Amino acid sequence: MSPLLAGLLQLLALVAALALAYRPLGDHMARVYTSTRHLRAERWIYRAIGADPSAEMRWPAYLRAVLALSLVGVLLLYALQPCAGCPSRLPGPLLDRPRPGVQHRRLLRHQHQLVVVRR
């Protein structure tokens, strides 16, 4: 099968799946977003963060929420940076994995292949 035909079939399958799912998925989303009932977990989260689910969110509160979420994401990424260069600290199957390129250097026969691996 040619790549063009495979791509067209995949696109056709996606369009068919969307055509079949838009009505039930849209009805479900409309029910979820317009419902005044909240799950127990949602009520617990609302109570924990001090939010009123029946009130509209004003733009200053939305701005504070977006900035706080961004700050948490940046701090989480900053905390994960020391682990990026040291796979020996990570638990589980990552310990047994060889460093990239080390195992393959033994199999290389030509110098230009070694240059590609080192990049």
Side-chain angles (χ1 to χ4, degrees):
M1 177 181 302
S2 74
L4 179 65
L5 182 61
L8 288 175
L9 287 175
Q10 186 176 3
L11 181 65
L12 197 68
L14 176 66
V15 169
L18 288 174
L20 290 173
Y22 87 96
R23 185 64 182 220
L25 184 61
D27 289 345
H28 172 72
M29 288 174 63
R31 240 185 347 268
V32 167
Y33 290 124
T34 58
S35 174
T36 56
R37 292 180 32 202
H38 299 285
L39 299 174
R40 188 177 306 159
E42 289 175 329
R43 289 191 300 256
W44 180 81
I45 291 171
Y46 290 147
R47 203 172 317 128
I49 65 173
D52 182 13
S54 62
E56 291 284 328
M57 185 179 236
R58 296 182 40 87
W59 72 266
Y62 181 75
L63 177 67
R64 284 191 304 270
V66 168
L67 290 176
L69 184 65
S70 298
L71 179 66
V72 168
V74 166
L75 292 177
L76 180 65
L77 285 175
Y78 184 73
L80 289 174
Q81 270 189 342
C83 294
C86 52
S88 61
R89 286 186 180 174
L90 298 175
L94 293 176
L95 286 175
D96 301 331
R97 202 169 62 185
R99 281 180 273 157
V102 173
Q103 185 179 16
H104 299 292
R105 287 186 188 146
R106 291 184 212 132
L107 302 173
L108 299 175
R109 294 188 183 130
H110 302 288
Q111 185 67 27
H112 71 277
Q113 291 175 327
L114 183 61
V115 170
V116 172
V117 170
R118 285 189 183 169
R119 285 185 191 171

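Bear in mind the structure is a predicted one, so any value in this text is a computation, not a measurement. Worth knowing before you read on, the calculation uses all heavy atoms, side chains too, and leaves out hydrogens, waters and symmetry mates.
- Hydrophobic cluster of Leu4: the remaining members, joined at side-chain heavy-atom separations below 4.5 Å, are Leu8, listed by chain and number.
- Evaluation of the side chain to side chain contact (heavy atoms under 4.5 Å, CB included) rule for Pro3 yields no partner, not counting sequence neighbours.
- Counting only residues at least two apart or on different chains, no ring-ring contact (aromatic ring centres under 6.0 Å, His included) pair has a member in residues 54-81.
- Residues passing the salt bridge (Lys or Arg N to Asp or Glu O under 4.0 Å) test with Asp27, sequence neighbours excluded: Arg23.
- For the salt bridge (Lys or Arg N to Asp or Glu O under 4.0 Å) test, no residue two or more places apart in sequence or in another chain qualifies with Arg31.
- For Thr34 against Ala30, the heavy-atom pair with the smallest separation is OG1-O, 2.5 Å.
- To the nearest 0.5 Å, the span separating CD on Gln10 from CG on Leu5 amounts to 11.5 Å.
- Val74 and Leu67 are not part of a single hydrophobic cluster, where members link through side-chain heavy atoms under 4.5 Å apart.
- For the atom pair CZ (Arg58) and CG (Leu63), the distance works out to 12.5 Å, reported to the nearest 0.5 Å.
- Not counting sequence neighbours, the partners of His38 by the ring-ring contact (aromatic ring centres under 6.0 Å, His included) test are Tyr46.
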